[in-house]
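Report on the following structure.
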Amino acid sequence: MAGCTSSAMGALLLLLLCCTMWTASATDHTVGGSTGWANGVDYTTWTSGKTIVAGDSLTFNYVAGVHTVDQVSATDYSSCSASNALSTDSSGQTTVKLSKAGTYYFICGVASHCSNGMKIAVPVKAASPAISPATPPSSPTKPPTAATTTTPASASTAPSVSTTPSTTTPTTTAADTQSSAGYVSSASVAMLTGLLALELVLL
């Protein structure tokens, strides 16, 4: 029962580790930090200190109806044109999922806001492959081969020892191995009893 609970705890810890790795891979970035999406913010400086990867998202916080968030092409970004916007929102909080690598362009579609600096180009890197947790399962396949190589070696050495011994050595070694076997078995029983008691205390 104690062994069952310890293996269950190990599986739970592995599941928690996978969950934290998965949640850590997606980050929500608040554009402009505490200032948000507003006039007079240097968004080039804001993006220069960020590492944004595919799967992350951008959240624009602003006053509803006063500003807009328009996703545009690179050409419309340069000319501050929102006439062919890929998407637009003026709800006051806009979240955009960055599904793939590339550069995303956003402007405020209100007159003169973009030309006054309310525009942002967000470079998004490709997400690093999260295949590293899948590599450990390859290691458990090796122990069975190690176990099979030890058993034939012991079986092959046993007959050769029984044919060559002299008359004096077999009697003493048999007695010694019997006493040592009894000692080892009692010691292993004591050790197992102690480990079980320790696991019960920890539970």
Partners of Phe106 by ring-ring contact (aromatic ring centres under 6.0 Å, His included), sequence neighbours excluded?
-> Phe60
ring-ring contact (aromatic ring centres under 6.0 Å, His included) partners for His29, two or more places apart | none
So, [X] side chain and [Y] main chain: donor-acceptor pair closer than 3.5 Å or not?
X      : Y      : value
Lys97  : Gly55  : yes
Thr94  : Ser90  : no
Asn61  : Gly36  : no
Tyr62  : Gly92  : yes
Thr30  : Gly33  : no
Asn116 : Ser112 : yes

Taking C-beta and beyond as the side chain, do Leu86 and Tyr104 meet within less than 4.5 Å on heavy atoms?
->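 No - every pair of side-chain heavy atoms lies 4.5 Å or more apart.
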Student check: side-chain heavy atoms of Val66 and Val110 closer than 4.5 Å =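 The answer is no; the side chains never approach within 4.5 Å.
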Applying side chain to side chain donor-acceptor pair (under 3.5 Å), name anything that partners Thr47, two or more places apart in sequence or on another chain.
-> none
For Thr35, side chain to side chain donor-acceptor pair (under 3.5 Å) partners two or more places apart = none
Write down the atom of [X], the atom of [Y], and the distance for their closest heavy-atom approach.
X      : Y      : answer
Ala101 : Ala126 : CB-N, 3.6 Å
Ala127 : Ala54  : CB-O, 3.6 Å
Ala38  : His67  : CA-NE2, 4.3 Å
Ser91  : Ala64  : O-CB, 3.3 Å

List the steps and the verdict of side-chain contact (heavy atoms from CB on, under 4.5 Å) for Asn84 and Val72.
-> CA-CA 7 Å; Asn84 297 314; Val72 296; over 6 Å; no
Supply the atom-to-atom distance Lys119 NZ to Cys114 SG, rounded to the nearest 0.5 angstrom.
->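 Spacing of NZ (Lys119) from SG (Cys114) equals 4.5 Å.
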Rounded distance [0.5 Å steps], CG in Asp42 versus OG in Ser48 | 8.0 Å
In this structure, which one of Val69, Thr68, Asp70 forms a side-chain contact (heavy atoms from CB on, under 4.5 Å) with Cys108?
->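 Testing Cys108 for a side-chain contact (heavy atoms from CB on, under 4.5 Å) against Val69, Thr68, Asp70 leaves exactly one candidate, Thr68.
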Just do the side-chain contact (heavy atoms from CB on, under 4.5 Å) check on Gln93 and Thr59 with the steps written out, would you?
-> CA-CA 7 Å; Gln93 187 178 59; Thr59 296; 3.9 Å; yes
Check the pair Leu58, Thr95 against side-chain contact (heavy atoms from CB on, under 4.5 Å), reporting the backbone distance first and the verdict last.
-> CA-CA 5 Å; Leu58 297 175; Thr95 300; over 6 Å; no
Mind jotting down which residue pairs meet the disulfide bond (SG atoms under 2.5 Å apart) criterion with at least one end in residues 37-74? Sequence neighbours excluded, please.
->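 Found none.
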Listed once per pair and sorted, the ring-ring contact (aromatic ring centres under 6.0 Å, His included) pairs that draw on residues 72-103, sequence neighbours left out |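 As it turns out, the ring-ring contact (aromatic ring centres under 6.0 Å, His included) pairs with a partner in residues 72-103, which skip direct neighbours, are Tyr77-Tyr105.
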When you look at NZ of Lys100, are more than 12 heavy atoms from neighbouring residues, nucleotides or ligands closer to it than 6.0 Å?
-> no
Assess whether side chain to side chain donor-acceptor pair (under 3.5 Å) is satisfied between Ser81 and Ser83, documenting all intermediate values.
-> CA-CA 6 Å; Ser81 172; Ser83 58; 3.0 Å; yes
Stepwise side-chain contact (heavy atoms from CB on, under 4.5 Å) test for Thr103 and Val122 | CA-CA 5 Å; Thr103 302; Val122 182; 5.9 Å; no
Under a single-linkage definition using a 4.5 Å side-chain heavy-atom cutoff for Ile, Leu, Val, Met, Phe, Trp and Tyr, are Val53 and Val96 assigned to the same hydrophobic cluster?
-> no
Val124 reachable from Ile107 in the ILVMFWY side-chain graph, under 4.5 Å edges |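 Not linked; separate clusters.
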